[in-house]
Amino acid sequence: MNRVWFNGAILDGPLALDAGDRGLLLGDGIFETVLVLNRTPLWGNMHLARMESSARELGLGFQRAEIDDAISAILDGIDESHHVLRITLTRGSAARGLGANGGSPTLLLSLDPFDPALMFQKATLVTSAVRRNPHSVASRLKTTSYIDNIAAAREASARGADDALMLNIDGNAACSTIANLFVLKDGRLITPARDQAILTGVMRQVLIAAAAHIGILTEERAVEPAELLAADAVFLTNSLRFIRPVTALDQQPLSAFDLSNLMAALSDAARLQCGRDPRASDEQVASLAK
């Protein structure tokens, strides 16, 4: 089922976007992409906590009650299959000038079907020439300014890979264009720390907690690219694909260590979300809102 909610109502026709909207003209906005299972936005509170924190830092108007109502409206009456919910908030229309304050923010929600066969699919990576800057707001907030990721993704596609490994300006591994990066070595998980120009993903935080629940600890630190080649396993995480094992980097095969225990732990966590209260714990929400 495809649906669009825009500034107060479900739309039946085309979207009438203001020609002066700063989200359109300047990428002045933020967004979240949420997997919906059994009519439940998985870890929805964590997504909205991250969005609210980003809005506060960027000076965007954020009305949680309005967003909650919009989510309820767009999910009303849908079937129990898989969907993707995207929530986009921009500064709205404003006077010219980069530092101008907008009037009323623009809130846009879209709901589209999602193919569950995409979950847990394997991926190949190539190292992109595009570098991430840990001092850039765009590297750690989920903004609509995604041009670096787009450029890296197009580079990867042109080179025959599924996604790109993005390094930071210090040459350490940061992430892929759409996912956080994990390395498994000697029974321990390693993932780039927050100061390595990463977006702190919701699924990243969920995976760290799920891994700890089954006795696998996670070390957050700088990760050199060579560590990926020597790892027992390398994988990506995001809110739609969950875990995506990486089979090759720059055409060099990577170890294919069995990740079924981690996949099962994430699946169990998702089932708990669908079968119980969909709200995340206070601790999980706080982990995204720092």
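Values reported hereafter were calculated over all heavy atoms of this structure, with side chains retained and with hydrogens, waters and symmetry mates removed.
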Please evaluate residues Met46 and Val206 with respect to the criterion side-chain contact (heavy atoms from CB on, under 4.5 Å), reporting the C-alpha separation (whole Å), side-chain torsions for both, the decisive distance (0.1 Å), and the verdict. CA-CA 10 Å; Met46 294 179 72; Val206 171; 4.1 Å; yes

Can Thr237 and Thr191 be said to form a side-chain contact (heavy atoms from CB on, under 4.5 Å), step by step? CA-CA 11 Å; Thr237 62; Thr191 191; over 6 Å; no

Full working for side-chain contact (heavy atoms from CB on, under 4.5 Å) between Leu141 and Glu57: CA-CA 9 Å; Leu141 303 183; Glu57 181 169 347; 4.0 Å; yes

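Between Asp21 and Thr90, the side chains place a donor N or O and an acceptor N or O closer than 3.5 Å (distance only, hydrogens not considered). Residues Asn38 and Thr40 bring no donor and acceptor atom of their side chains to less than 3.5 Å of each other.
Looking at every heavy atom in both residues, Asn7 comes nearest to Pro105 through OD1-O, 4.0 Å. Residues Ser239 and Leu35 approach most closely at O-CB, 3.5 Å, considering heavy atoms. Across all their heavy atoms, Glu66 and Trp5 have their closest contact at OE2-CH2, 4.0 Å. The two residues Ala174 and Asn168 make their nearest non-hydrogen contact at CB-N, 4.3 Å. Here the shortest heavy-atom pairing between Pro245 and Ile243 reads CD-O, 3.8 Å. The minimum heavy-atom distance linking Ala161 with Leu125 is given by the pair CB-C, 4.1 Å.
Evaluation of the salt bridge (charged side-chain N to carboxylate O under 4.0 Å, His left out) test over residues 215-230, restricted to residues two or more places apart or in two chains, returns Arg188-Glu219, Arg204-Glu220, Glu219-Arg221, Arg221-Glu227. Sequence neighbours left out, the pairs with a member in residues 218-240 that pass ring-ring contact (aromatic ring centres under 6.0 Å, His included) are Phe182-Phe235. Listed by first and then second residue, the salt bridge (charged side-chain N to carboxylate O under 4.0 Å, His left out) pairs that reach into residues 229-240 come to none, sequence neighbours excluded. Sequence neighbours left out, the pairs with a member in residues 152-166 that pass salt bridge (charged side-chain N to carboxylate O under 4.0 Å, His left out) are Glu155-Arg159, Arg159-Asp250.
Linking Ile, Leu, Val, Met, Phe, Trp and Tyr whenever their side-chain heavy atoms come within less than 4.5 Å leaves Phe257 and Leu254 in two separate clusters.
Judged by distance alone, with hydrogens and angles left aside, the side-chain atoms of Ser139 form a donor-acceptor pair with the main-chain N or O of Asn133 at under 3.5 Å. A donor-acceptor pair under 3.5 Å links the side-chain atoms of Ser72 to the main chain of Asp68, judged by distance alone. Checking side-chain atoms of Asn180 against main-chain N and O of Leu199 turns up a donor-acceptor pair under 3.5 Å. When atom types are taken as modelled, the side chain of Ser53 and the backbone of Arg50 share no donor-acceptor pair closer than 3.5 angstrom. Side chain of Ser255 to main chain of Ala233: no donor-acceptor pair is present (N/O by atom type, distance under 3.5 Å, no hydrogens or angles). In this structure, the side chain of Asp170 does not engage the main chain of Asn172 through any donor-acceptor pair within 3.5 Å. Judged by distance alone, the side chain of Asn149 and the main-chain N or O of Thr177 form a donor-acceptor pair under 3.5 Å. Arg22 places no side-chain N or O within donor-acceptor distance of the main-chain N or O of Asp28, the cut-off being under 3.5 Å. Lys185 contributes no side-chain N or O that, together with a main-chain N or O of Ile190, makes up a donor-acceptor pair within less than 3.5 Å.
Considering only heavy atoms from C-beta on, Phe114 comes within 4.5 Å of Met119 through its side chain. Looking at heavy atoms from C-beta onward, Leu85 lies out of side-chain contact with His47 at the 4.5 angstrom threshold. The shortest side-chain heavy-atom distance between Asn261 and Ile214 falls under the 4.5 Å cut-off. Annotation: side chain of Val223 is in contact with side chain of Leu228 (closest heavy-atom distance under 4.5 Å). A heavy-atom distance below 4.5 Å is not found between the side chains of Leu107 and Thr88. Between Arg194 and Arg140, the closest side-chain pair of non-hydrogen atoms is not below 4.5 Å. When side chains are defined from C-beta on, Arg131 does not count as touching Met166, because their heavy atoms never get closer than 4.5 Å. A heavy-atom distance below 4.5 Å is found between the side chains of Leu15 and Leu108.
We find that Arg86 and Glu32 are not joined by a salt bridge, their nearest charged nitrogen and carboxylate oxygen being 4.0 Å or further apart.
Qualifying ring-ring contact (aromatic ring centres under 6.0 Å, His included) partners for Tyr146, counting only residues two or more places apart in sequence or in other chains: Phe31. Under the ring-ring contact (aromatic ring centres under 6.0 Å, His included) criterion, Phe120 pairs with Phe242, not counting sequence neighbours.
Here the straight-line distance linking atom OG1 of Thr144 with atom CG of Leu89 works out to 9.5 Å at 0.5 Å rounding.
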